[in-house]
Colleague: 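Would you mind keeping the following structure in view while I ask a few things?
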2 protein chains.
Amino acid sequence: MAKHDSDLSLLFRALADPTRRSILTRLAETPARVTDLAGPTGLRLPTVMRHLSVLEQAGLITTSKDGRIRTCAIVPQALDPVRTWLDEQRDIWEARLDRLDAFVMNVMKEGKE
Amino acid sequence: MAKHDSDLSLLFRALADPTRRSILTRLAETPARVTDLAGPTGLRLPTVMRHLSVLEQAGLITTSKDGRIRTCAIVPQALDPVRTWLDEQRDIWEARLDRLDAFVMNVMKEGKE
DNA sequence: GGAATAGTTAGCGATATGGCTAAGCATGAT
DNA sequence: ATCATGCTTAGCCATATCGCTAACTATTCC
């Protein structure tokens, strides 16, 4: 299940880690060097590097190296597929709310296990 | 990192699996039994059970048992935290687009590695 | 009661994830 | 040339994930 995963899976997995989300939030302020990103996390450089590569593979950030310094920056449109999927789901879920209501009523009547 | 994870992490991790997303989409149509959900996936029952418990722990579905049949249904508002986080990020990301633009220009000028 | 059905539990194996240290390499400063 | 800085690679360890089979429990049907 880890071979040719969809973009969506890569994105969701990248976002599933608090450290990575905090890195993203930090990068949203301004691009930063790897060391700068490592600081707040309290994690070692190699560990942060791994997080960064996960983020980059998911397309959430880009990095570029100038001399010995690698600078990381967010890719603003990278979250679009997530938003799209979420919107689709909302559409479907709400379209079926009538049936759901019926079901929930039923559950409540019987008591949930 | 797997101990007391935030709701957001649980949600994102639950959504990171294609099988689980397809189960959610299926459940959005109408509540269903475990066996009904297993069918389309081609997976064995215990495997599907595991996916369901991940979804349930993330708060994305509820289940209730009537006799020997367990019925599963989506929890419509469960995606709200995800949407909220996404909206927050969009706000921040776009607020800083000016700086980002400057950075991107810089990168392009130097050639990306 | 006995058999079929629906789900559950236990546990195995392969792989992925998230942390680390140690060592290496390239660049910039002196 | 030497040394400090910044990143990178390799590899280890513990735990988590995702699939499975086998065996068990609980309903329902005949």
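Lettering follows sequence order; numbering is per chain, from 1.
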Colleague: What nucleotide, of dC20(D), dA22(C), dG7(C), holds the atom closest to the side chain of Pro46(A)?
Modeller: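 Of the options given, the side chain of Pro46(A) lies nearest dA22(C).
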Colleague: Check whether any side-chain N or O of His51(A) sits under 4.0 Å from OP1 or OP2 of dT17(C), and answer yes or no.
Modeller: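 Checking dT17(C) against His51(A), no side-chain N or O comes under 4.0 Å of OP1 or OP2.
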Colleague: Rounding to an integer number of Å, can you tell me how far Leu55(B) CG sits from dC18(D) C1'?
Modeller: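 In whole Å, dC18(D) C1' lies 14 Å from Leu55(B) CG.
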Colleague: Relative to the ring of Phe12(B), is the ring of Phe12(A) parallel (under 30°), tilted (30 to 60°) or perpendicular (over 60°)?
Modeller: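 It falls in the tilted class, 30° to 60°.
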Colleague: Quick one: is dT8(D) close enough that its OP1 or OP2 comes under 4.0 Å of any side-chain N or O from Arg50(A)?
Modeller: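 Answer no for this pair, as no side-chain N or O of Arg50(A) is under 4.0 Å from OP1 or OP2.
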Colleague: Between atom CG in Leu37(A) and atom C1' in dG6(D), what is the gap in whole Å?
Modeller: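 Distance, rounded to whole Å: 13 Å.
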Colleague: With Leu60(B) as reference, evaluate Val75(B), Leu10(B), Leu24(B), Ile23(B) under the side-chain contact (heavy atoms from CB on, under 4.5 Å) test and give the passing residue.
Modeller: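 Among Val75(B), Leu10(B), Leu24(B), Ile23(B), the one meeting side-chain contact (heavy atoms from CB on, under 4.5 Å) with Leu60(B) is Leu24(B).
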Colleague: Would you say Arg70(B) reaches dT8(C)'s phosphate, i.e. side-chain N/O to OP1/OP2 under 4.0 Å?
Modeller: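 So the side-chain polar atoms of Arg70(B) do come within 4.0 Å of the phosphate oxygens OP1 or OP2 of dT8(C), strictly under.
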Colleague: Using a strict 4.0 Å threshold on nitrogen-to-oxygen distance, state whether Asp87(B) and Arg83(A) make a salt bridge.
Modeller: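 Here Asp87(B) pairs with Arg83(A) in a salt bridge, since their nearest N and O are under 4.0 Å apart.
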Colleague: Send over the distance from Arg33(B) CZ to dT8(C) C1', rounded to a whole Å.
Modeller: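 Going from Arg33(B) (CZ) to dT8(C) (C1'), I get 16 Å.
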Colleague: Could you tell me whether the phosphate oxygens of dC18(D), OP1 or OP2, come under 4.0 Å of any side-chain nitrogen or oxygen in Thr47(B)?
Modeller: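 No, because none of the side-chain N or O atoms of Thr47(B) sits under 4.0 Å from OP1 or OP2 of dC18(D).
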Colleague: Would you say Val54(B) ends up clustered with Leu43(B) if hydrophobic residues are merged whenever their side chains have heavy atoms under 4.5 Å apart, either directly or through other cluster members?
Modeller: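 No, no single cluster joins them.
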Colleague: To the nearest angstrom, how far is Leu45(A) atom CG from dA22(C) atom P?
Modeller: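 To the nearest whole Å, that distance equals 15 Å.
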Colleague: Look at the side chain of Arg44(B) and decide which nucleotide, out of dT5(C), dC20(D), dG18(C), has an atom nearest to it.
Modeller: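 Per side-chain heavy atoms of Arg44(B), the pick is dC20(D).
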Colleague: Closer to the 5' end of DNA chain D via nearest nucleotide, is it Met49(A) or Arg68(A)?
Modeller: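 Comparing both residues, the 5'-ward one is Arg68(A).
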Colleague: Take atom NZ of Lys65(B) and atom P of dA6(C), then tell me their distance rounded to the nearest Å.
Modeller: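 In whole Å, dA6(C) P lies 12 Å from Lys65(B) NZ.
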Colleague: Nearest-nucleotide wise, let me know which of Gly67(A) and Arg20(A) is further upstream toward the 5' end of DNA chain C.
Modeller: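 On the 5' side of the pair lies Arg20(A).
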Colleague: Tell me, with the steps shown, if Arg33(B) and Thr71(B) meet side chain to side chain donor-acceptor pair (under 3.5 Å).
Modeller: CA-CA 5 Å; Arg33(B) 303 179 310 159; Thr71(B) 307; over 6 Å; no
Colleague: Could you tell me how far apart Asp66(B) (CG) and dA26(D) (P) are, to the nearest whole angstrom?
Modeller: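 Checked: the CG to P distance equals 17 Å.
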Colleague: Could you tell me the separation between the CZ atom of Arg13(B) and the C1' atom of dA16(C), rounded to a whole number of Å?
Modeller: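 Checked: the CZ to C1' distance equals 12 Å.
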Colleague: For Leu43(A) and dT21(C), what is the distance between atoms CG and P respectively, to the nearest whole Å?
Modeller: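 About 11 Å, once rounded to whole Å.
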Colleague: From C-beta outward on Thr19(B), which listed nucleotide comes closest to its side chain: dT17(C), dG19(D), dG18(C)?
Modeller: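 Looking only at side-chain atoms, Thr19(B) lies closest to dG19(D).
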